[in-house]
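These numbers come from the heavy atoms of this one structure, side chains and all, not from hydrogens, waters or symmetry mates. Convention: sequence-line order gives letters A, B, ...; per-chain numbering from 1.
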2 protein chains.
Amino acid sequence: MTSTDTTIAAGAPGEVARLGRSTQQRATVLRALVGSEDFVSAQVLHARLIDEGARVGLSTVYRTLTALAEAGLADTVRDPEGERLFRHRPGPHHRHYLRCRTCGRSVAVDSHLVETWAERTATANDFTEVAHTVELTGICADCTTTSPRP
Amino acid sequence: MTSTDTTIAAGAPGEVARLGRSTQQRATVLRALVGSEDFVSAQVLHARLIDEGARVGLSTVYRTLTALAEAGLADTVRDPEGERLFRHRPGPHHRHYLRCRTCGRSVAVDSHLVETWAERTATANDFTEVAHTVELTGICADCTTTSPRP
DNA sequence: GTTTTTGCAAAGCTTTTGCAATCCG
DNA sequence: CGGATTGCAAAAGCTTTGCAAAAAC
């Protein structure tokens with residue numbers, strides 16, 4: 001099941017409960033993810049944490065991020081190279097993002113239209129339990145004017 | 001750059017020319033891809049060819065499929081596990097598909113709405129060179145009535 | 001005192017690459 | 001011929017897993 005999935009239900013109460021025991025490592029990873037404005041890979045997040053002096057294993061980062069995604073607390077996306085990227089999901093519903101291919105920045109976009117289109121398309125084809133993934137990429141204004149790289 | 005990408009230009013004439021020399025292996029792979037109704041991974045396609053008695057290396061299948069995708073002759077998609085799936089693209093423009101999570105069948109869907117939505121969203125956010133990937137999955141009618149598996 | 005979680009290293013996967021042999025034109 | 005292509009095996013990533021030590025409750 002893809003990450004940015006309509007079928008994920010993120011109940012308001014007890015969200016964290018699904019993550020099992022609360023450990024320092026999990027708190028650290030979650031905090032880092034929340035603090036990250038944009039999509040990050042497990043590897044990058046791990047490197048960042050190590051840099052900051054935190055002692056967390058890469059496996060733990062992977063396990064925690066996967067758990068968060070399964071719990072509906074994070075959106076995930078596959079970058080073209082197949083790497084999995086994670087981003088904290090603030091609201092109860094999943095979001096779609098527009099990401100800059102040059103600097104990596106991303107902004108959440110209104111996807112009303114896509115949501116309903118997905119529903120309708122599925123219904124029209126006799127499909128049930130629709131899920132969808134949408135990835136939008138482009139070059140942001142900053143990167144259009146200036147040269148590449150942040 | 002993701003496969004199902006609006007920015008890919010598939011010129012009508014000389015499409016095949018971009019693939020370099022015409023060899024038996026390439027012909028075989030292309031034929032297999034065209035013959036395949038749905039998305040297939042390089043590995044599955046390779047296995048299928050070997051089964052049929054064709055003598056093609058896995059690397060060649062990868063190289064050929066990648067070339068086809070770059071030439072705009074195939075759409076590609078990442079499945080949730082990160083595997084790359086390929087599908088022959090009949091028309092000059094990229095398509096979007098609705099895939100059944102149970103039996104794997106997929107149907108091309110009309111994505112007018114999404115295309116324009118992508119354009120507009122990007123423009124509204126001062127992004128240029130928009131590209132997008134859309135993946136729709138669900139359970140098809142056949143799989144809803146009968147139990148799993150084709 | 002159990003039971004879960006961690007972290008390391010090793011394994012698993014898909015995909016890519018190096019390079020000699022081979023094929024196409 | 002001469003350069004493009006193939007195929008094998010090895011390498012490269014990213015991610016997962018096995019298992020003993022550590023932490024949580």
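- Legend: residues meeting side chain to side chain donor-acceptor pair (under 3.5 Å) with B/Glu83, ordered by chain and number and at least two apart, are B/Ser41.
- A straight line from CG of A/Leu68 to P of C/dT5 spans 13 Å, rounded to a whole angstrom.
- Partners of B/Leu113 under the side-chain contact (heavy atoms from CB on, under 4.5 Å) rule, at least two apart in sequence or in another chain, are A/Leu113, A/Trp117.
- Applying the side-chain contact (heavy atoms from CB on, under 4.5 Å) test to A/Thr66 and every residue at least two apart in sequence or in another chain returns A/Glu70, A/Arg84.
- When the P atom of C/dC13 is taken as reference, atom CZ of A/Arg84 falls 17 Å away, rounded to whole Å.
- At whole-Å resolution of the value, CG in B/Asp79 and P in C/dT14 are 10 Å apart.
- Within residues 58-66 of chain A, the residues approached by DNA chain C to less than 4.0 Å at the level of any non-hydrogen atom are A/Ser59, A/Thr60, A/Arg63, in residue-number order.
- Scanning for side-chain contact (heavy atoms from CB on, under 4.5 Å) contacts around B/Thr128 gives A/Ile139, A/Thr144, with sequence neighbours left out.
- In this entry the distance linking CG of A/Leu85 with C1' of D/dC14 reads 12 Å, nearest Å.
- A heavy-atom distance below 4.0 Å to DNA chain D is reached by none of the residues of residues 44-53 of chain A.
- Between the axis at the start and the axis at the end of the helix from C/dG1-D/dC25 to C/dG25-D/dC1 there is an angle of 30°, using five pairs per end and rounding to 10 degrees.
- Applying the side chain to side chain donor-acceptor pair (under 3.5 Å) rule to A/Gln24 yields no partners; only residues at least two apart in sequence or on another chain are considered.
- Evaluation of the side chain to side chain donor-acceptor pair (under 3.5 Å) rule for A/Asn125 yields no partner, not counting sequence neighbours.
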Protein-nucleic acid N or O pairs under 3.5 Å, nucleotides 20-25 of chain C:
| unit_1 | atom_1 | unit_2 | atom_2 | d |
| --- | --- | --- | --- | --- |
| C/dC24 | O2 | B/Arg21 | NH1 | 3.2 |

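- Chaining together hydrophobic side chains whose heavy atoms lie under 4.5 Å apart places A/Tyr62 alongside A/Leu58.
- Atom CD in A/Gln25 sits about 11 Å away from atom P in C/dT5, given to the nearest Å.
- Close to C/dT14, at under 4.0 Å from its OP1 or OP2, lies no side-chain N or O of B/Arg78.
- One can place CZ of A/Arg55 at 9 Å from P of D/dA23, the figure rounded to the nearest angstrom.
- Ring geometry for A/Tyr97 versus A/Phe39: interplanar angle over 60°, hence perpendicular rather than tilted (30 to 60°).
- Contacts of B/Ser36 classified as side-chain contact (heavy atoms from CB on, under 4.5 Å), with partners at least two apart in sequence or in another chain: B/Val40, B/Arg48.
- The residues A/Asp75 and A/Arg89 are annotated as salt-bridged, a charged nitrogen and a carboxylate oxygen being separated by less than 4.0 angstrom.
- If you measure from atom CD of B/Glu81 to atom P of C/dG12, you get 18 Å, rounded to the nearest angstrom.
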